[in-house]
Every structure is written in structure tokens, then in C-alpha cells.
Amino acid sequence: MAPQRRGPPRVPEGNSAAERRHANSTKKDRLPQEAQRTWLRIVALGVSLALVTFLLWSSAGIDDDVAEVVAHRGEVLEGRFIEVPCSEDYDGHRRFEGCTPRKCGRGVTDIVITREEAEQIRRIAEKGLSLGGSDGGASILDLHSGALSVGKHFVNLYRDIRQKVQLTIAEAFGIRASLLYLTKPTFFSRINSTEAQTAHDEYWHAHVDKVTYGSFDYTSLLYLSDYLEDFGGGRFVFMEEGSNKTVEPRAGRVSFFTSGSENLHRVEKVLWGTRYAITIAFTCNPDHGIEDPVLT
Ligand SMILES: O=C(O)CCC(=O)C(=O)O
Ligand SMILES: [Fe+2]
């Protein structure tokens, strides 16, 4: 006798074919549905990740897109001043009443230095910086290093500019100009889009001048080139929670501010062209004062 086969009873031939057809067709339907579900899951995950990143990014206050331009390159500002509360940075230093900032803030003016003066001083900066400088995008020429050989014209021009800027700062902050002293470093800067070679070339980091340079109480920047004419990128940004404040450089524009952390700032990376500026800083401490550059 043939051994009895165990297992499910055999189904009639006709039925089995029908079921196979049915099974085949549901498998075919299921595949695209599963693929669809997988894609939906991937898209949902991607959207959630993007949302979380955006929320973290904006809550960290590093969203450079949220920026208000307080000085456009095309406008000629008589004077714009914004007062901000002073930081405590000045408390750690000797106070000089009538000079050490009690009123803090930032200002921009286009009428103190003429575009002609800016042009003349830029030519000197170009010449001076062509003799040397970094390979890495940012070069400075310290006006008190003694390495700069300057003519009488530069000495007079620098002195006139320094005096006008000093008076502007004194007036804006309600202090006596005679209590301000020029301080180190005071320098020309030239920035282009060449890749940074050393940490010194990384000019774009946010910083506080009083921390970086020590003796600074009031910083001023005289721009010697025009944003979007001579270079792209390279705008100056005051970093503020929620909304940064941007100053677009323009030849002859003077931007000045108290040097403490109430004026945390950075410079955007220069994307093309060359940007020239001169930093002129003042201290209230006569021990940290320096003379104007002299003929060498
Ligand atoms: O060139 C500028 O606009 C700013 C430079 C600066 O922040 C600095 O020299 O400390
Ligand atoms: Fe600075």
C-alpha cells in the first residue's frame, strides 16, 4: 500500500489556478503600495529634520538672513546713531570720568570724510600693502610698526582724518574730544577672496574689540572702497539676538562704536574683488595713547 500523504487536502485543479492568479495580483498591488509608504516615511523624516534644524538654528540667533541694513551703500548718511546699553566690559578697566563709555552705541556718517579723501588714502594703502601682505585673503598694514615709509602728504591727511573722526565720536557720545587718545593698533586692511592660510587671515569671526585689542574704548572704521562696486560680500555686521544690523561699506563712510561686547561684530567673507578700510581706535587711558604716524 502506498504511504498515506499527510498535509492539507489537495484542492481541485480549477480552484488552485484561480487562487494563484489572485495571490499574484495582490502581491503586485502590494509592492507599489509598500514602496509608496517607504517614500512617504522618508519624506516625512526629511521634513521633520529640516524643521528641527531650522528651529535650532533660528533660536541660536545665528540666522544671518534676519538682518537689517542700517546703512546702505547707495545712501549718503548725514549721521545715524543707535544707542545700546553698555556692557560691563568697562568695569574691569580703570575708569576715566568724562571719557570711559557711559553712553554706548554705534553711528555711521558719510559727510565727515569726503570720497576724495578716502580715495587719496586708499591709494596710499594700495601702495603700502603692495609691498607685502598675507597670502591668505586678509592683510593689514600697521601704521605704527615703523615699517611703513610715509610721505608728508599721508601724515597730514591721516592727522586731519583722525581729528575729524575724534570730534565725531566725542559729539555722538557726549564726551570731550581732548580726553580721547589714539591707540594701537591703527591699521589699513585689505581683504580679498583668497583662501585663508592661517588663523590671522580669518577676519570673519565675531569678536569684541575691547577683548581683541585691550586698550580700545571707541573703534572707528573708515571705508575706502564701495560694496558691490569694488567687492562683494564683506559687509560689516553687528551681531544681535533676533536681528543683526548690517553696515554696507562705502568709500568715505565712517562707522564708529563703543568697543565693548555691546557691539559684538563680524565681517562677512569677501566673495570677490578687494576691500580696503582703515581702523582708527581711541582709548581713554593716556598710558595707552600713541602719536599720529610720523615721517620715517
Ligand atoms: O573692516 C571692518 O569692517 C571691521 C574690522 C574689524 O572688526 C576689526 O578690525 O576689528
Ligand atoms: Fe573689530
Side-chain angles (χ1 to χ4, degrees), residues 64 67 69-73 77 80 84 87 89 101 104-110 113 118 121-122 125-126 128-129 133-134 136-145 161-162 165 169 182-193 196 199-240 244-271 273-283 288 290:
D64 264 4
V69 178
V70 290
H72 288 270
R73 62 142 186 161
L77 293 171
R80 180 162 291 168
V84 293
S87 62
D89 296 6
C104 290
R106 44 190 88 143
V108 183
T109 175
D110 293 315
I113 306 299
I121 209 151
R122 196 195 66 232
E126 279 169 350
L129 281 155
S134 154
S139 303
I140 67 162
L141 181 58
D142 193 320
L143 299 175
H144 287 82
S145 66
I161 288 174
R162 195 265 302 151
V165 170
I169 290 176
L182 187 67
T183 192
K184 267 204 263 196
T186 166
F187 56 88
F188 286 128
S189 65
R190 180 188 66 192
I191 310 178
N192 59 32
S193 59
H200 292 293
D201 298 322
E202 297 187 4
Y203 57 86
W204 55 84
H205 296 297
H207 63 276
V208 172
D209 286 351
K210 185 127 199 82
V211 175
T212 306
Y213 305 114
S215 62
F216 285 27
D217 286 311
Y218 298 90
T219 305
S220 77
L221 301 155
L222 166 60
Y223 291 111
L224 307 176
S225 351
D226 291 316
Y227 171 62
L228 295 187
E229 290 269 331
D230 301 315
F231 64 91
R235 296 179 306 168
F236 178 99
V237 185
F238 288 109
M239 314 290 290
E240 262 180 30
N244 293 333
K245 302 283 183 287
T246 305
V247 175
E248 297 179 347
R250 169 191 166 86
R253 173 164 285 172
V254 179
S255 170
F256 57 94
F257 48 91
T258 43
S259 311
S261 46
E262 66 277 2
N263 282 316
L264 174 72
H265 60 272
R266 72 182 195 90
V267 176
E268 293 174 337
K269 282 189 183 178
V270 168
L271 303 175
T274 308
R275 173 199 202 263
Y276 286 94
I278 181 165
T279 298
I280 305 173
F282 297 93
T283 182
H288 296 151
I290 55 165

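One-based numbering along the sequence shown. Counting starts at 1 for both ligands and their atoms, following the listed order. Just so you know, these numbers come straight off a predicted model, no measurement behind them.
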Engineer: Under 3.5 Å, is there a donor on one side chain and an acceptor on the other for R190 and S139?
Structural biologist: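 Yes.
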Engineer: In this structure, which one of Y223, F257, W204 forms a ring pair (Phe, Tyr, Trp, His ring centres under 6.0 Å) with F236?
Structural biologist: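 Result for ring pair (Phe, Tyr, Trp, His ring centres under 6.0 Å) with F236: F257.
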Engineer: With distance as the sole test, does T109 use its side chain to make a donor-acceptor pair with the main-chain N or O of V254 at under 3.5 Å?
Structural biologist: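 Answer holds: no.
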Engineer: When the ring planes of Y213 and H207 are compared, do they come out parallel, tilted or perpendicular, using 30° and 60° as the limits?
Structural biologist: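 Aromatic pair Y213/H207 classed perpendicular.
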Engineer: Closest non-hydrogen protein atom to atom 7 (O) of ligand 1, residue and atom name please, with distance?
Structural biologist: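 Ranked first by proximity to atom 7 (O) of ligand 1 is H265 NE2, 3.0 Å.
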Engineer: Just heavy atoms, cut-off under 4.0 Å: does R266 contact ligand 1 by side chain, backbone, both, or neither?
Structural biologist: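 R266 to ligand 1: no contact under 4.0 Å from either part.
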Engineer: Suppose I only count heavy atoms of Y223 and a 4.0 Å limit; which atoms of ligand 1 are within that range?
Structural biologist: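 Result: 2 (C), 3 (O).
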Engineer: Heavy atoms only: give me the nearest Y203-E268 pair and the separation to one decimal.
Structural biologist: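 That closest heavy-atom pairing would be CE1-O, 3.6 Å.
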Engineer: Kindly confirm or rule out an N or O of S189 lying under 3.5 angstrom from an N or O of ligand 1.
Structural biologist: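 Among all N and O atoms of S189, none is under 3.5 Å from an N or O of ligand 1.
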Engineer: Out of all atoms in ligand 1, which are within 4.0 Å of some heavy atom of F236? Include the element for each.
Structural biologist: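 Within the 4.0 Å cut-off of F236, ligand 1 contributes 3 (O), 4 (C).
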Engineer: Specify side chain, backbone, both or neither for H205, according to which of its non-hydrogen atoms lie closer than 4.0 Å to ligand 1.
Structural biologist: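 Under 4.0 Å from ligand 1, H205 contributes no heavy atoms.
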Engineer: Show the atoms of ligand 1 that are less than 4.0 angstrom away from any heavy atom in Y213.
Structural biologist: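 Ligand 1 atoms under the 4.0 Å threshold to Y213: 8 (C), 9 (O), 10 (O).
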Engineer: Heavy-atom pairs closer than 4.0 Å: do any link ligand 1 to the side chain of F257, the backbone, both, or neither?
Structural biologist: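 Neither part.
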Engineer: Is the contact between I191 and ligand 1 made by the side chain, the backbone, both, or neither, using heavy atoms and a 4.0 Å cut-off?
Structural biologist: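 Within the 4.0 Å criterion, I191 makes no contact with ligand 1.
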Engineer: Can you name the nearest heavy-atom pair linking T279 to F216, along with the distance?
Structural biologist: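 Scanning both residues, the minimum pair turns out to be CG2-CE2, 4.4 Å.
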Engineer: Among all protein heavy atoms, pick out the one at the shortest distance from atom 1 (O) of ligand 1; state its residue, atom name and that distance to 0.1 Å.
Structural biologist: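 Atom 1 (O) of ligand 1 sits closest to the protein heavy atom R275 NH1, 2.8 Å.
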Engineer: Looking at D209, is its backbone amide N or carbonyl O close enough to the side chain of S259 to form a donor-acceptor pair, meaning the two atoms are under 3.5 Å apart?
Structural biologist: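 Judged by distance alone, no pair lies under 3.5 Å.
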Engineer: Give me the atom names and distance for the closest heavy-atom approach of V69 to R235.
Structural biologist: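 Here V69 and R235 meet closest at CG2-NH1, 4.1 Å.
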Engineer: T279 heavy atoms, cut-off 4.0 Å: which ligand 1 atoms fall inside?
Structural biologist: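 Counting from 1, the qualifying ligand atoms are 9 (O).
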Engineer: Among all protein heavy atoms, pick the one closest to atom 6 (C) of ligand 1 and tell me residue, atom and distance.
Structural biologist: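 Scanning the protein heavy atoms, the shortest distance from atom 6 (C) of ligand 1 goes to H207 NE2, 3.9 Å.
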Engineer: Using the ring of each side chain (for Trp, its six-membered ring), is H265 parallel, tilted or perpendicular to F238, with breaks at 30° and 60°?
Structural biologist: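 H265 and F238: perpendicular rings.
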Engineer: Could you enumerate the protein N, O or S atoms under 2.8 Å from the Fe ion (ligand 2), written like residue then atom name?
Structural biologist: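 Protein N, O or S atoms closer than 2.8 Å to the Fe ion (ligand 2): H207 NE2, D209 OD1, H265 NE2.
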Engineer: Could you tell me which atoms of ligand 1, counted from 1 in the order shown, lie closer than 4.0 angstrom to a heavy atom of V267?
Structural biologist: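 In order of number, 2 (C), 3 (O), 4 (C).
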Engineer: How far apart are the closest heavy atoms of G260 and V208, and which atoms are they?
Structural biologist: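 Heavy atoms only, the tightest pair is C-CG1, 3.5 Å.
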Engineer: So, are R275 and D230 salt-bridged, with charged N and O less than 4.0 Å apart?
Structural biologist: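 No, R275 and D230 are not salt-bridged.
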Engineer: Within the structure provided, determine whether I121 and F188 are in side-chain contact (heavy-atom separation under 4.5 Å).
Structural biologist: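 The answer is yes; the side chains approach within 4.5 Å.
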